[in-house]
Protein chains: 2
Amino acid sequence: MSECKVDTALEAIVGKWKHKILFHMIKQDKIRFNELKRSIPGITQKMLTSQLRELEQHDLITRKVYAQVPPKVEYSLTEHGKSLIPILSMMSVWGEEHVKHVESLYRETDEKA
Amino acid sequence: MSECKVDTALEAIVGKWKHKILFHMIKQDKIRFNELKRSIPGITQKMLTSQLRELEQHDLITRKVYAQVPPKVEYSLTEHGKSLIPILSMMSVWGEEHVKHVESLYRETDEKA
DNA sequence: CTGTATCCTACGGGATACTG
DNA sequence: CAGTATCCCGTAGGATACAG
């Protein structure tokens, strides 16, 4: 952690929906727009589009358009995007532990009260 | 990455200054308020305080107040906070690679133009 | 030295309607 | 199906002043 580039990493994955999008693309290597939309409750089309565009700009995902009617667009992780998997995985594990940890803290203070 | 707790992890470390604060506390295990302020260019007192409070609420850092005049307050990582180090470290490495990667992409497109 | 207290603004994100 | 185009709002974060 010489000079702190955590900023850069965070920039790439922060955004209310980005990690959820990435999550689905880790599970499923090609995924369509509406498939994503259905898989992520609460997301709007606008948000889905804009977050996808940002991920694309960071070269984390690819957008493949099929010249068809009706349109078909598939999103998938780039190789570079796949390099994020270990980090996301660690964060997920840490997140679970963090929840437990914080809960146990609350339990302690409750017991005192 | 069973069910995605990346959210939780992100919540804990997202915030414009949090990872910078953490970074300094990794390098230096006890650090004072003004020391942090001086080490983090651009941060305001308000922001430093509020980010410190949030980190404290997540039990990532401890606040130790010395009963003195003038006041002295030392911040340090909790054990739980230290469990974040590997993640931050990975993110930092990835961040550096990401910068290079994106730069090389720009170079390619420049060459085409 | 280590903070609060205000006030203010930019922008991430939501709701809704429209389109090739 | 896979998107734009608008309009709108809450809140994270900045500037500044004051305080124990």
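Every chain is numbered from 1, with letters handed out A, B, ... down the list of sequences.
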Once you round it to whole Å, what is the distance between P of D:dG3 and NZ of A:Lys72?
-> 13 Å
By nearest-heavy-atom nucleotide on DNA chain D, the more 5' of A:Asn34 and B:Gln51 is A:Asn34
For the pair B:Glu103 and B:Lys100, find out whether any cationic side-chain nitrogen is under 4.0 Å from an anionic carboxylate oxygen.
-> no
To the nearest Å, how far apart are A:Lys16 NZ and C:dC11 C1'?
-> 14 Å
Rounded to whole angstroms, how far apart are CG on A:Leu48 and C1' on C:dG14?
-> 14 Å
Which part of the nucleic acid, if any, lies within contact of A:Tyr75, taking any heavy atom under 4.0 Å across all strands shown: a base, the sugar-phosphate backbone alone, or nothing?
-> sugar-phosphate
Can you name the closest pair of heavy atoms from B:Lys37 and B:Ile43 and give their distance?
-> NZ-O, 3.7 Å
Nearest heavy-atom neighbours spanning B:Ile13 and B:Lys18 = O-CB, 3.6 Å
Protein-nucleotide distance (A:Leu52, atom CG; D:dA2, atom P), rounded to Å = 11 Å
Taking B:Thr78 for the side chain and B:Thr62 for the main chain, is one N or O donor matched with an acceptor at less than 3.5 Å?
-> no
Bend of the helix from C:dC1-D:dG20 to C:dG20-D:dC1 from end-axis comparison, five pairs per end, nearest 10°, comes to 50°
With the side chain defined as heavy atoms from C-beta on, A:Pro71 is closest, among D:dA2, C:dG13, C:dA15, to D:dA2
Taking only the side-chain heavy atoms of A:Trp17 (C-beta and beyond), determine which of D:dG14, C:dT2, C:dG14 contains the nearest atom.
-> C:dG14
Are the side chain of B:Thr49 and the backbone of B:Gln45 linked by a donor-acceptor contact shorter than 3.5 Å?
-> yes
Is any side-chain N or O of A:Arg32 closer than 4.0 Å to OP1 or OP2 of D:dC1?
-> no
How close do A:His24 and A:Ile40 get, heavy atom to heavy atom, and via which atoms?
-> CD2-CG1, 3.7 Å
Measure from CG on B:Leu55 to P on D:dA12 and round the result to the nearest Å.
-> 15 Å
The correct set of residues in residues 36-43 of chain B placing a heavy atom under 4.0 Å from DNA chain D is none
Looking at A:His58 versus A:His80, is the centre-to-centre ring distance below 6.0 Å?
-> no
Reckon A:Glu74 touches a base, only the sugar-phosphate, or nothing at all at heavy-atom distances under 4.0 Å?
-> nothing
Determine, for nucleotides 4-9 of chain D in 5'-to-3' order, which nucleotides have protein heavy atoms under 4.0 Å from the base (write B), from only the sugar-phosphate (write S), or from neither (write -).
-> B-BB--
Looking only at heavy atoms, which two atoms of A:Trp17 and A:Pro41 are closest? And how far apart?
-> CZ3-O, 3.7 Å
Euclidean distance, atom CD1 of residue B:Ile21 to atom P of C:dG3 [Å, nearest integer] | 12 Å
Donor-acceptor contact below 3.5 Å, side chain B:Glu35 vs main chain B:Arg32 | yes
Can you name the nearest heavy-atom pair linking A:Thr8 to B:Gly95, along with the distance?
-> CG2-O, 3.9 Å
Roughly, in whole Å, what's the span from CE in B:Met47 to C1' in C:dT2?
-> 16 Å
Hey, does A:His101 have a side-chain heavy atom less than 4.5 Å from the side chain of B:Asp59?
-> yes
What is the minimum heavy-atom distance between B:His98 and A:Ala12, and which atoms define it?
-> NE2-CB, 4.2 Å
OH of B:Tyr66 versus P of C:dG3: gap in Å, rounded?
-> 13 Å
